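Count residues from 1 along the sequence. Every value quoted in this text rests on a predicted model; they were computed, and no experiment measured them.
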Amino acid sequence: MKSRRLLLGLSLVLQAAMGVAKDDGLARTPPMGWVGLSFLVEFKHSTLTTLVPSWNFFACDITQDTILKAAQALVDTGLKDLGYEYVIMDDCWHAPARSSRRPHPPVADPIRFPDGIKALADKIHALGLKIGIYSSAGTKTCAGQFGSLGYEEIDAKTYAEWGIDYLKYDNCYNEGQAGYDLVSYNRYAKMSRALSDTGRPILYSLCNWGEDHTWNWAPTIAHTWRMSGDIMDSYDAYDDRCPCESMIDCKLPGFHCSMTRILEYAAPLVQKAGAGQWNDLDMLEVGNGGMTTDEYKTHFAMWAVIKSPLILGNDLTKMDEVTKAIITNKWLIKINQDRVALPVNRVRKSIIKNPHGEVTGNVQVWSGPLKDGAVVAIVNTTPEKYMMRYQLVDVYPQAKKTTSNRYSVLDAWALTNPSLGIVEGNWGRSLGESFDVTTLIPLEIPAHGVSVHLWQVGDPDRASSQHVLHGAEL
Ligand code: GAL
């Protein structure tokens with residue numbers, strides 16, 4: 001009880017420092033779920049690049065069936081029990097036009113959604129899941145469907161009547177209503193108010209790609225906000241369509257942003273996140289085929305520890321064993337959903353050179369608090385494995401105050417039983433049970449890989465029994 005009060009106090013102090021959060025309990029920890037579009041977007045990007053950026057209707061083939069199959073797969077694969085609860089329809093659920101009857105409510109495509117969204121929502125709720133929908137704070141969505149600009153009240157009201165639990169609200173066709181923080185804020189605040197006025201709890205996922213310093217004003221009106229252009233399924237491919245070096249004053253967020261590019265963008269912005277207000281690093285690409293296993297492990301781990309929403313973007317009905325093993329890593333989900341609800345910070349970034357003096361990448365150290373300890377994540381972007389040692393006191397500044405603590409340390413990506421290989425439930429090996437903040441921890445991080453260590457204070461038995469809790473049970 002005492003520690004709860006302490007936690008509450010800590011989070012209030014932090015919120016006061018960060019601004020008033022939209023902490024209405026809907027996103028106390030980052031939302032988890034699946035979105036129905038990303039593999040189609042990637043297909044569109046890779047094969048129909050001449051059509052981009054029109055988000056052309058070629059990708060508009062989501063149906064009630066696709067969405068229901070994904071929902072069923074969340075249940076059947078056990079992902080739901082791990083906390084993946086939102087089933088989100090992205091662009092293209094729309095009929096060719098709104099209803100012609102005033103006040104012109106939105107209408108779903110009658111061919112692809114013959115039973116309507118309400119019936120779909122009922123089915124998804126009956127599976128114990130929640131349903132998300134998509135629109136744009138513009139006259140059209142990015143794929144050219146009708147947008148919500150000027151229709152905020154009727155759209156929010158209709159979504160609530162349909163039983164919607166989550167709205168992803170995009171930025172296309174905004175008619176030039178951007179370029180200044182206040183202009184963007186006003187456009188997005190209108191939908192925030194409209195959603196609140198419905199009285200239905202609807203998680204508001206703002207998607208203006210980090211334009212106009214979203215992180216400065218979104219926390220008071222939305223639960224999550226996209227902070228970059230669209231992710232592409234690549235570890236580090238260069239692409240001028242994602243032109244900004246940093247998001248801080250980026251004038252063209254673009255798309256085709258590699259995973260490590262987004263990680264770089266996120267580093268200075270993590271300070272804006274906390275309970276009820278999360279940087280959204282975009283959907284997860286794990287399982288879509290563009291990265292190696294170690295690269296996907298880095299992708300999943302870093303999204304988890306930075307406290308991005310964990311929104312899967314792969315085809316859940318055709319997952320291989322490795323994909324499933326990565327997205328079900330219970331330690332990383334536990335970190336993502338930890339009650340302290342704060343992201344890791346990057347505390348070190350060392351440039352690595354080869355013997356010829358050429359830069360081959362960098363090694364980044366990220367650390368942050370957990371309810372009963374700390375997490376340390378070390379990223380190696382070089383094409384070679386990297387060996388190092390660290391002490392908690394060096395990489396996690398707060399550890400200085402806890403020099404007498406004893407910790408158990410768990411490696412979240414080590415295989416518990418190496419002979420089983422990469423299969424679900426085979427992650428998380430203890431490195432020791434009585435470490436202190438000065439114990440030297442040796443590490444070997446694979447090329448393009450990551451190491452994640454959970455430092456858990458106190459009695460190791462208690463700590464390890466807590467470790468087996470799923471995100472949803474925290
Ligand atoms: C983009 C958005 C993507 C996807 C796409 C749909 O603007 O960032 O995540 O939703 O629109 O057309």
*Verify, without hydrogens or angle tests, whether Asp212 (side chain) and Val183 (backbone) share a donor-acceptor contact under 3.5 angstrom.*
no

_Salt bridge check, Arg226 against Asp282: does any charged N sit closer than 4.0 Å to a carboxylate O?_
yes

_Donor-acceptor side-chain pairing of Glu285 and Asn314 below 3.5 angstrom_ = no

_Between the side chains of Asp90 and Lys168, is the shortest nitrogen-to-carboxylate-oxygen separation below 4.0 Å, so that they form an ion pair?_
yes

*Begin with the C-alpha distance, continue with both residues' side-chain angles, and end with the deciding distance and a verdict on salt bridge (Lys or Arg N to Asp or Glu O under 4.0 Å) for Arg200 and Asp165.*
CA-CA 8 Å; Arg200 183 177 174 83; Asp165 307 295; 2.6 Å; yes

*With sequence neighbours excluded, what pairs up with Leu127 under the side chain to side chain contact (heavy atoms under 4.5 Å, CB included) test?*
Ala71, Gln72, Val75, Leu129

*asked:* To the nearest 0.5 Å, what is the distance between CG on Leu203 and CG on Leu26?
replied: 5.5 Å

*Tyr84 (side chain) donor-acceptor with Ile327 (main chain) under 3.5 angstrom*: yes

*asked:* Whether Arg193 and Asp197 form a salt bridge (side-chain N of Lys/Arg under 4.0 Å from carboxylate O of Asp/Glu) is what I want to check.
replied: no

*Over all atoms of both residues, closest heavy-atom pair of Ala95 and Pro110*: CB-CD, 4.1 Å

*State whether the side chain of Asp240 and the backbone N or O of Pro243 hold a donor-acceptor pair below 3.5 Å, judged by distance alone.*
no

_Ring-plane angle category for His448 and Tyr235, please: parallel below 30°, perpendicular beyond 60°, tilted otherwise._
parallel

*Measure from the ring center of Trp303 to the ring center of His299 and say whether it is less than 6.0 Å.*
yes

*From CA spacing to verdict: side chain to side chain contact (heavy atoms under 4.5 Å, CB included), Thr298, Val379*: CA-CA 7 Å; Thr298 305; Val379 176; 4.2 Å; yes

*Does one side chain, of Thr214 or Asn208, offer a donor that lies under 3.5 Å from an acceptor on the other?*
yes

*Once you round to the nearest 0.5 Å, how far does CZ of Arg339 lie from NZ of Lys334?*
9.0 Å

_Between Thr292 and Asp294, is there a side-chain donor-acceptor contact under 3.5 Å, judged purely by atom types and distance?_
no

*Would you say Thr198's side chain and Ala160's backbone share a donor-acceptor pair under 3.5 angstrom?*
no

_Shortest non-hydrogen contact between Trp278 and Ala27, atoms and distance_ = NE1-O, 2.8 Å

*Less than 4.0 Å between a side-chain N and a carboxylate O, is that true for Lys157 and Glu153?*
no

*Just checking, Lys118 and Trp162: is the charged tip under 6.0 Å from the six-membered ring centre and within 45° of the axis?*
no

*Side-chain donor-acceptor pair under 3.5 Å between Gln364 and Arg346, yes or no?*
yes

*Is there a donor in the side chain of His256 and an acceptor in the side chain of Arg241, or the other way round, less than 3.5 Å apart?*
yes

*Counting N and O atoms only, with roles assigned by atom type, does the side chain of Asn288 sit under 3.5 Å from a partner on the main chain of Gly313, one being a donor and the other an acceptor?*
yes

*Output yes when a side-chain donor or acceptor of Trp427 lies under 3.5 Å from a complementary backbone atom of Ala325, and no otherwise.*
yes

*Would you please classify the geometry between the Tyr188 ring and the Tyr169 ring as parallel, tilted or perpendicular, with 30° and 60° separating the classes?*
perpendicular

_With a 3.5 Å distance limit and no angle check, can you tell me whether Asp233 reaches the backbone of Gly290 through a side-chain donor-acceptor pair?_
yes

*Taking atom types as modelled and ignoring hydrogens, do the side chains of Ser148 and Asp155 form a donor-acceptor contact shorter than 3.5 angstrom?*
yes

*Do Tyr204 and His223 make the cut of ring centroids closer than 6.0 angstrom?*
no

*Taking atom types as modelled and ignoring hydrogens, do the side chains of Asn345 and Gln271 form a donor-acceptor contact shorter than 3.5 angstrom?*
no

*Test side-chain contact (heavy atoms from CB on, under 4.5 Å) applied to Val452 and Ile335, Asp411, Val376, the passing residue*: Ile335

*Check whether any side-chain N or O of Arg261 sits under 3.5 Å from a backbone N or O of Ala237 as a donor-acceptor pair, and report yes or no.*
no

*Using salt bridge (Lys or Arg N to Asp or Glu O under 4.0 Å) as the criterion, list what pairs up with Lys140, not counting sequence neighbours.*
none

_Asp280 side chain to Trp225 backbone, donor-acceptor under 3.5 Å_ = no

*Shortest non-hydrogen contact from His104 toward Tyr151*: CB-CE2, 3.9 Å

*Donor-acceptor pair between Gln177 and Ser184 side chains, under 3.5 angstrom*: no

*asked:* Quick test of your reading of the model: are Lys80 and Asp76 salt-bridged, counting only N-O distances below 4.0 Å?
replied: no

*asked:* So does Asn171 get a backbone contact from the side chain of Asn174, meaning a donor-acceptor N/O pair under 3.5 Å?
replied: yes

*asked:* Restricting to non-hydrogen atoms, name the atom on Cys142 and the atom on Asp91 that form the minimum distance, rounded to 0.1 Å.
replied: N-OD2, 3.5 Å

*Looking just at side-chain N and O atoms, do Asn279 and Lys307 make a donor-acceptor pair shorter than 3.5 Å?*
no

*Indicate yes or no: does Lys330 engage Glu424 in a salt bridge with an N to O separation below 4.0 Å.*
no

